[in-house]
Visitor: 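Here it is: the structure, laid out below.
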Amino acid sequence: MNNDLFGNAPFLSAALSFFLAQLLKPFINALFERRFTWHLLVSTGGMPSSHTAGVIALVTSIAFTQGVGTVYFAIAATFAAVVIHDSMGIRREAGKQAEVINEWSRILSDIHREGQFTPENLKTMLGHSFSQVLGGTILGLIVGLLITNSISGL
């Protein structure tokens, strides 16, 4: 591995892919939702998944620079699998969490506002959908290949 931080293709691929995904989120949201939301530049959730983009770019770059039979690749691929599973798993549980929060709200408050914590509202604040993860995966692959190719000259 290259010890120069800015000459390190896996690091640059992951970092650039993560930040590019974060920059794209408000613009893609504006296309689908018809409103521009600035907080998506720094918040979680949204399309594409910046976490997925970062780890997929890292795995892609390591695969091409170090090879798929190396310990570096095994560690990066395991890390990517955990990150992607985690980002989608939180979202799957949001519906159940919304039901519990609504039940607590009914018990603790005389005034319950229906729809205050809908499963959809909670899901948008937590994790990513499959399409958001897929978008991050595609972005990570493209950035990983481009950065690795430009630095390593594959």
Visitor: Who are the side chain to side chain contact (heavy atoms under 4.5 Å, CB included) partners of I142, not counting sequence neighbours?
Guide: I138, L146
Visitor: Atom OG1 of T70 and atom CD1 of I62: how far apart are they, to the nearest 0.5 Å?
Guide: 7.0 Å
Visitor: Under the rule for side chain to side chain contact (heavy atoms under 4.5 Å, CB included), what residues qualify as partners of L20, not counting sequence neighbours?
Guide: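 Once residues adjacent in sequence are excluded, the partners of L20 under the side chain to side chain contact (heavy atoms under 4.5 Å, CB included) criterion are L24, L139, V143.
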Visitor: If hydrophobic clusters are built by linking Ile, Leu, Val, Met, Phe, Trp and Tyr wherever their side-chain heavy atoms come under 4.5 Å apart, do F11 and L16 end up in the same one?
Guide: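 F11 clusters together with L16.
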Visitor: Taking atom CD1 of I151 and atom CG of L12, what is their separation to the nearest 0.5 Å?
Guide: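 That separation rounds to 4.5 Å.
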Visitor: Could you work out, with ring-ring contact (aromatic ring centres under 6.0 Å, His included) as the rule, every residue matching F19, not counting sequence neighbours?
Guide: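 By the ring-ring contact (aromatic ring centres under 6.0 Å, His included) rule, F19 matches no residue at all.
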Visitor: So which heavy atom on S17 is nearest to which on G54, and how close?
Guide: OG-N, 4.0 Å
Visitor: Counting C-beta onward and ignoring hydrogens, is there a side-chain heavy-atom pair between T52 and L134 closer than 4.5 Å?
Guide: no
Visitor: Over all heavy atoms of both residues, which pair between A21 and S50 is shortest? Give the atoms and the distance, please.
Guide: CB-CA, 3.5 Å
Visitor: Run the side chain to side chain contact (heavy atoms under 4.5 Å, CB included) test against V59 and tell me which residues pass, sequence neighbours left out.
Guide: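 With neighbours one apart ignored, the set is F73, A76, A80.
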Visitor: Apart from V82 itself, what residues make up its hydrophobic cluster when side-chain heavy atoms of I, L, V, M, F, W and Y under 4.5 Å apart count as a link, directly or indirectly?
Guide: none
Visitor: Would a distance-only check, ignoring hydrogens and angles, find a side-chain to backbone donor-acceptor pair under 3.5 Å from T148 to A9?
Guide: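 No: the side chain of T148 does not pair with the backbone of A9.
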Visitor: I need the minimum non-hydrogen distance between I56 and T137, along with the two atoms involved.
Guide: CG2-O, 3.5 Å
Visitor: Measuring from S49:OG to K25:NZ, what's the distance to the nearest 0.5 Å?
Guide: 6.5 Å
Visitor: Could you state the interatomic distance from CD1 (I28) to CG (L23), rounded to the nearest 0.5 Å?
Guide: 11.0 Å
Visitor: Residues in side chain to side chain donor-acceptor pair (under 3.5 Å) with S13, at least two apart?
Guide: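 S13: no side chain to side chain donor-acceptor pair (under 3.5 Å) contacts found.
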Visitor: Under 3.5 Å, side chain of S61 to main-chain N/O of L58, donor-acceptor pair present?
Guide: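 The answer is no, because no donor-acceptor pair under 3.5 Å joins these two groups.
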